[in-house]
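The next block holds one structure in the form of structure tokens; read it before the comments.
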Amino acid sequence: MTIEAKPWAVYGASLKSRFLLGSAGYPSPQVLREAIASAGAQVVTVGLKRALSGEAGDNGFVGMVRASGVHLLPNTAGCRTAREAVVLAHMARELYGTRWIKLEVTGDEHTLQPDPWELLEAAAQLSREGFQVFPYCTDDLVACRRLLDAGCEVLMPWGAPIGSGQGLLNPYALRTLRERLPGVPLIVDAGIGAPHHAARAMELGFDGVLLNSAVAQAREPVRMAAAFAQAINAGRLGYEAGVMAPQDMAVPSTPVADGPVLIG
């Protein structure tokens, strides 16, 4: 019997899967379709700039992803200012027919770290205009609180720089976010390179994991999607069940004091 993690909700949408998948960089559309199915993903990110890059609009790409039965989460990848991100978000709403937007505003070319000031400005404006914003942010607690104050109902802090595959560089900061923001849906986004990285994020109590490169660039993307799906479910089940606290010394699992022990 396979036990699944409990369902969760974001912006009123009830989800069973806690695996959010990116759609860029796959060897072929067929591999992407199979990876989505293997992951059991219910939310797939799509880049607006990619969708508009072909001569014939989205060139069928968006329709193919939508046919998988998932929620589309368009992103503003590549934007450098709040104004640019807001314009792209409005285009995404018109093209995809959704108020969801993964808000990305890059502040550093080397790490692709989000610009906290431009991100906050864009998040506040888009929230006022009725968008449901998924901000890609750092793991800074104060910056995350400001995004919540601006109207965001979910946060997507990075585990490590995008595409780096380094895993969770600052578990303390992520653990602090979970402890200090107990009722907020938190999704680790970026830097996840291996299934155990995703399991660790879920064991910390995060609600989901979003990744792209670790699956798209794998030797066998479909099998890797399955591996991540199982790791994410296992990590969340562990959190829900109650992961034991680490001890500074040995604690016997079988009591041996204050009485005889019969071994047969």
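Count residues from 1 along the sequence.
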What class does the angle between the rings of W100 and Y11 fall in, given that below 30° is parallel, 30 to 60° is tilted and above 60° is perpendicular?
tilted
Establish, from distance only, whether the side-chain atoms of Q125 and R128 form a donor-acceptor pair under 3.5 Å.
no
R80 side chain vs G78 backbone, donor-acceptor pair below 3.5 Å
yes
Would W158 end up clustered with L204 when hydrophobic side chains under 4.5 Å apart are linked, directly or stepwise?
no
For the residue pair S28 and R33, establish whether any side-chain heavy-atom pair is separated by less than 4.5 Å.
no
I'd like to know if V87 and Y96 are part of one continuous hydrophobic network [Ile/Leu/Val/Met/Phe/Trp/Tyr, side-chain heavy atoms within less than 4.5 Å].
yes
Check whether any side-chain N or O of N233 sits under 3.5 Å from a backbone N or O of I3 as a donor-acceptor pair, and report yes or no.
yes
Is there a donor-acceptor contact under 3.5 Å from the side chain of T111 to the main chain of Q113?
yes
For the backbone of A24 and the side chain of N212, can you confirm whether one donor and one acceptor N or O come within less than 3.5 Å of each other?
yes
Considering all heavy atoms of both residues, which atom of C137 and which atom of L155 are nearest to each other, and what is their separation?
SG-CB, 4.5 Å
Yes or no on side chain to side chain contact (heavy atoms under 4.5 Å, CB included) for M91 and L88, after CA distance, side-chain angles and deciding distance?
CA-CA 5 Å; M91 295 174 66; L88 201 61; 4.3 Å; yes
Side-chain donor/acceptor of E240 to backbone N/O of A5, under 3.5 Å
no
CZ of R93 to CG of L95: how many Å apart, nearest 0.5 Å?
13.0 Å
Look at R178 together with E203 and state whether they make a salt bridge at an N to O cut-off of under 4.0 Å.
no
With a 3.5 Å distance limit and no angle check, can you tell me whether S38 reaches the backbone of V222 through a side-chain donor-acceptor pair?
yes
Side chain proximity check, L211 to H197, heavy atoms < 4.5 angstrom
no
With rounding to the nearest 0.5 Å, note down the distance linking OG1 in T138 to CG in L147.
8.5 Å
Does S127 reach the main-chain N or O of A123 with its side chain, forming a donor-acceptor pair under 3.5 Å?
yes
Heavy-atom closest contact (S164 atom, G191 atom, distance):
OG-CA, 4.0 Å
Is there a path of hydrophobic side-chain contacts, each under 4.5 Å between heavy atoms of I/L/V/M/F/W/Y residues, joining Y136 to V154?
no
Side-chain contact test, heavy atoms from C-beta onward, threshold under 4.5 Å: evaluate it for I36 versus S23 and give yes or no.
no
Tell me whether M64 shares a hydrophobic cluster with V215, the cluster being built from Ile, Leu, Val, Met, Phe, Trp, Tyr side chains joined at under 4.5 Å.
yes
Is the H90 ring parallel, tilted or perpendicular to the F131 ring (thresholds 30°, 60°)?
perpendicular
Taking all atoms of both residues into account, what is the closest heavy-atom pair of K102 and L73, and its distance?
N-CD1, 3.6 Å
State, to 0.1 Å, how close A85 and E104 come at their nearest heavy-atom pair, and which atoms those are.
CB-O, 4.4 Å
Apply side chain to side chain contact (heavy atoms under 4.5 Å, CB included) to I187 and R18, showing your working.
CA-CA 9 Å; I187 302 167; R18 294 173 180 271; over 6 Å; no
Approximate separation, where rounding is to 0.5 Å, of C152 SG and L119 CG
7.5 Å
Which atoms form the tightest heavy-atom contact between S17 and A39, and what is the distance?
OG-O, 4.4 Å
T45 and L20: side chain to side chain contact (heavy atoms under 4.5 Å, CB included), yes or no, with the steps?
CA-CA 8 Å; T45 64; L20 292 75; 5.7 Å; no
Side-chain heavy atoms nearer than 4.5 Å, only ILVMFWY residues, links allowed to pass through others: does that put V70 and V209 together?
yes
So, taking the atom named CG in N170 and the one named OG1 in T176, what distance separates them when rounded to the nearest 0.5 Å?
8.0 Å
Measure the spacing between CZ of F206 and CZ of R200 and express it to the nearest 0.5 Å.
10.5 Å
Pairing of R145 and D140 as salt bridge, 4.0 angstrom limit
no
Any chance you could lay out the side chain to side chain contact (heavy atoms under 4.5 Å, CB included) test for V10 and F134, step after step, and finish with the verdict?
CA-CA 10 Å; V10 58; F134 295 67; 3.7 Å; yes
To the nearest 0.5 Å, what is the distance between CD1 on I101 and CD on Q132?
11.5 Å
Does the side chain of R146 come within less than 4.5 Å of D149's, by heavy atoms?
yes
Grab the two heavy atoms, one from A214 and one from M224, that are nearest each other, plus how far apart they are.
O-CG, 3.4 Å
